[in-house]
Amino acid sequence: MIERMLLALLFLIGFWGIVGIRNIIKKIFGLTIINNAVVILFILEGSRIGNQVPILEEGIENIVDPVPQALMLTAIVIGVCITALALALAFRLYRHSGTFDIDQIHRQVHDVT
Amino acid sequence: MLPEDTVFALVVLPLLGAAIALSSKAFFTGKRKRNLEYLGAFVGLVLPWVVMIQLLPLVLTGQAIEGIIGGWHESVGISFRFDGLAWLVNLLGFTIAGAAWLYSLGPGPHGPHFTAVFLIQTSALAATAMTADLFNLFVCLEVMGIASYILIASSEKQGAFLASFSYLMVSATAMVFFLLGIYGIYRTTGALTYTGIINGLSGLPDHGGVVTYISLSLIVGAVAIRVAVMPLYGWLPDSHALAPHAVSSVLSGVLIKTPLFALSRVLLLVPAGMYAGQLMGYAGAITALVAVIIALSQSDAKRLLAYHTVSQIGYVVAAWGAALYVGTHTLQGSILMAGAFLHALYHAMFKGLLFLSIGTTTDCASQRNVYQLRGAARLLKQAGERIPITTITFVVGALAISAIPPFNGFASKTTLSYGLKDSWQYSMLYAAGIGTMASFIKLSRIYWSKPEQQNRFPVPVPNANKIAQTFLAILCLGTGIFAGPMYRFVVTLFAFGAPNGPAPVLYSTQTLMNTLILITGGTAVFLLASTRIGHNILKIIRERPRDFQGLFVAFSLGVTGLSGWLLFWG
Amino acid sequence: MRSKITGLFLFQVFLCLVTITLVLIPLFWTDIPWPTIARDHMENFGMAASGARNMVSAIYLGYRVFDTLGETIVLLVAVSGTIGIIAHGGDVLAKGFGDPSRNESLYQEKTTLVKKQRTALLEVVTGKLGPVVLVFGFYVMLFGHLSPGGGFQGGVVVASGIVFLALGGRADGSTRLTEAGVLAKLESISFLLLILASLSGVVFGGGFFANTLAQAGMPEVGFIVLLNAIIGLKVGAGIGFMCIAMLGRAE
């Protein structure tokens, strides 16, 4: 129960970071946080049906569901790639405009065009 | 070779081409490098046509190639399904991608990296069209997305970086919600393949209830961001306007439609999916009208086209949603679905053509402002274009998008209106048609009259541009003339099992009257918009405040609204 | 300087959080039991079908290897895009590598920064640790079917080994693994290999992504080891390349 509440809170914090903070680096942090919240949720809930690691050595039975773990491996790598690309874009935006504030970047771009 | 392998050639050949292009950069320099890059593009964009032709007889008989990749067990493996729909989406993708890549040889962007990313995007399109697995769909959408963020940013303008960043943030956030949707579906059914999900859900009371509805609306919301239907369109205009021309044409033509047709497979899983389709269809009809009004107000030529993309995708979504609501097994549903696809295909052709022609023109004139650029036809002539190919191809595209016979836009819009007859969506689309006409009269003014200033540095128009534009213009005209056979071809390929009905009549007194009204109405609206008052109103619309968090507000409200809608009806 | 926070802005944020909370609550607090279909299948048949003991690896590189291909491609595109946007002033896609007109100032800025922050301690420790980390990376990569690990994890460790070598290596060129050109070659070759491995089944009639090695009479697990090795190489080279480019040594 408490872990679900914490995960929902984590997700909301990340979402607040994306929507409510103007700094684009912190927005990217927010993106990483919500991604990780979903990853943890998926793996945590998937491990409720068993109690052993899904590596079939002798005497291991009643393993946890291995599918969420494999899926989340993919999701984590994709999340990292997106974060890397977003940071690169943020770097370029900063070099052009000298600020990380999304509203000011918006304003500068619209003044140019 | 098994038939399943032939299908995967459509995904793997572009990937192989991308690998060849990448190796060309790592191992060779100079002419060798270029040749190997072109070989990669040939493998990735031309060879798939051989496969497509080989597959055609099979899908024409209404068969589908189904299976599980690698022959694993169905409970965990990834299943795929290649049917007429997938074939048609591939047709859409490879036609436009080939023309756009050819165009990029002229003004750029050049280089093996661009070719590789471009081919990877094409391959993701093919994979999206035939996947029958929810998580695989997620991966395909992510590949497509990450390639498009990079392609948008590759035009090296500051605005393009901001557009790419906004698109990345909103789309990546939406994809996290998609993942949450997968979580919801997996925890209720224990399956990821579509057949597994149907079996799992039918065993549950009330098809899983609230959790299924919310998961479904998260998935639909995330895909709707990619499709750019109102109110989730905010990222599109900037990114399509600021991307390189070749990329714009692919983004507008192909990239926003493939997810839509992939989504129809997901919506058919759950009985409540039809209500999701209904709501999307309503949103589409509103999109068509609102976006065209905004488009009319734009001063930047490419941004005007980008808003038209939003408007035209509204047409597609309106028909697509209505088709899902009435069911594709009915006669009306099959006409609507075929109309939606035809409009998506034709829109890809004429909008691709328009982006390329306008791109060539604005590059040549070094001016993108619709109110300031005049006499572009002469400027192009000064730049060495003896036969005014670019002007002609622009006119072809403009006539097609404004639904003037015999161009293809007329055929698809008439089919759509026939399917939507006597509903309020029909009147929205009708009004949108008048707006489209008006804004293309406005846009075409850049070609006429005398240039205000001489072009000091006329840039010669590359041959690659002309070839790509001519190719698409011939397609626009050809599919317009052979509209009847095209309609029957698409209906056969969809193979809905709908009762055989008469095809919509294209040329009757009524449709021609409609065209006449459209032309008069469009001219009237254009004249109204040219008055001082009209000008001021348009200026207010053009300079309305737009901010970053608005995208997220729209997304959260949209997803919540959709869940509420499903709960209410389902 | 910061933008002013207006009432409208706060209202928008509030609206977003409330609506999302409404959606999340039923999804997080559902009492539907977790399904056991997939788990039961993997527990009973997974090892026989794939030959791997690690069920996560069996799914990742066996049952759902097509997803992994997509993930590898995302990484490939992200690496080349990030390098294109950062290290070369962004004009790689527009003009191609090795273009003399690109922005040089960023490089020099970065290189001097790296030189300033270097200490003898850093050089000695990273130089000595580098090979060890590389070996550990290859271990993680090749034993992924038996223990936690696999191509991606091993590849990332290999990449950090490459970064260590680049930080600690002297200028005498004792290893070429830290040269951007070599890494780019490695990356593109391993991507080509991955595509060819996926196609190998087609040639031998087993189908796309079929286990060719098992058909040739080798143990089933061979294909997973092969894919682990290729993906590991690709990830190691790709991420290593990205780090080297960020260190300002792309040429």
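Per chain, numbering begins at 1; letters A, B, ... match sequence-line order.
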Between C:Lys185 and B:Ala26, what is the shortest heavy-atom contact and its length?
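Here C:Lys185 and B:Ala26 meet closest at CE-O, 3.2 Å.
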What pair of heavy atoms forms the shortest contact from B:Ile150 to C:Gly81, and how long is it?
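In this case the closest contact between B:Ile150 and C:Gly81 is CD1-CA, 3.4 Å.
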Starting at [atom1] of [X], measure out to [atom2] of [Y] and round the result to the nearest 0.5 Å.
X: B:Ile69; Y: C:Arg64; atom1: CD1; atom2: CZ; result: 9.0 Å
X: B:Ser75; Y: C:Arg39; atom1: OG; atom2: CZ; result: 12.5 Å
X: C:Ile85; Y: B:Ser164; atom1: CD1; atom2: OG; result: 6.0 Å

Min side-chain heavy-atom separation [X]-[Y] under 4.5 Å:
X: C:Val77; Y: B:Val143; value: no
X: C:Leu69; Y: B:Leu15; value: yes
X: C:Tyr63; Y: B:Ile68; value: no

Neighbours of chain C found in residues 170-180 of chain B - heavy atoms under 4.5 Å:
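So the qualifying residues are B:Phe177, B:Leu180.
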Residue-level contacts of residues 212-220 of chain B with chain C, using a heavy-atom cutoff under 4.5 Å
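Expected list: B:Ile214, B:Ser215, B:Leu218.
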Set out, in order, the CA-CA distance, both residues' side-chain angles and the distance that settles side-chain contact (heavy atoms from CB on, under 4.5 Å) for C:His41 and B:Val76, then state yes or no.
CA-CA 8 Å; C:His41 175 80; B:Val76 187; 4.1 Å; yes
Among [options], which has the most heavy-atom pairs under 4.5 Å with chain B?
options: C:Asp67, C:Ile195, C:Thr36; answer: C:Asp67
options: C:Gly62, C:Gly46, C:Ser50, C:Ala38; answer: C:Gly62
options: C:Ala78, C:Ser188, C:Ser198, C:Pro26; answer: C:Ser188
options: C:Leu27, C:Leu24, C:Ile37, C:Leu15; answer: C:Leu27

Verdict with reasoning, C:Leu192 to B:Leu22, per side-chain contact (heavy atoms from CB on, under 4.5 Å):
CA-CA 9 Å; C:Leu192 196 62; B:Leu22 275 182; over 6 Å; no
Measure distances from [X] to the heavy atoms of chain B and classify the residue's part below 4.5 Å as side chain, backbone, both or neither.
X: C:Leu194; answer: neither
X: C:Leu76; answer: side chain
X: C:Gln12; answer: both

If you tally heavy-atom pairs under 4.5 Å against chain C, which of B:Gly190, B:Gly71, B:Ala21, B:Ser556 wins?
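Maximum pair count with chain C is reached by B:Ser556.
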Largest heavy-atom contact set with chain C, pairs under 4.5 Å, which of B:Thr131, B:Ile20, B:Leu192
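The residue among B:Thr131, B:Ile20, B:Leu192 with the greatest pair count is B:Leu192.
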Portion of [X] that has a non-hydrogen atom of chain C nearer than 4.5 angstrom:
X: B:Leu204; answer: neither
X: B:Thr189; answer: backbone
X: B:Ile120; answer: side chain
X: B:Val210; answer: side chain
X: B:Phe555; answer: neither

What pairs meet the salt bridge (Lys or Arg N to Asp or Glu O under 4.0 Å) rule with one or both residues in residues 175-187 of chain B, with sequence neighbours excluded?
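As it turns out, the salt bridge (Lys or Arg N to Asp or Glu O under 4.0 Å) pairs with a partner in residues 175-187 of chain B, which skip direct neighbours, are A:Glu45-B:Arg187.
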List the steps, then state whether side-chain contact (heavy atoms from CB on, under 4.5 Å) holds for C:Phe45 with B:His73.
CA-CA 9 Å; C:Phe45 307 105; B:His73 191 264; over 6 Å; no
For C:Phe66, enumerate each residue passing the ring pair (Phe, Tyr, Trp, His ring centres under 6.0 Å) test, keeping only those at least two apart in sequence or located in another chain.
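If we apply the ring pair (Phe, Tyr, Trp, His ring centres under 6.0 Å) test to C:Phe66, skipping adjacent residues, the hits are B:Phe8, C:Phe208.
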Working for side-chain contact (heavy atoms from CB on, under 4.5 Å), residues B:Val559 and C:Val23:
CA-CA 8 Å; B:Val559 165; C:Val23 173; 4.3 Å; yes
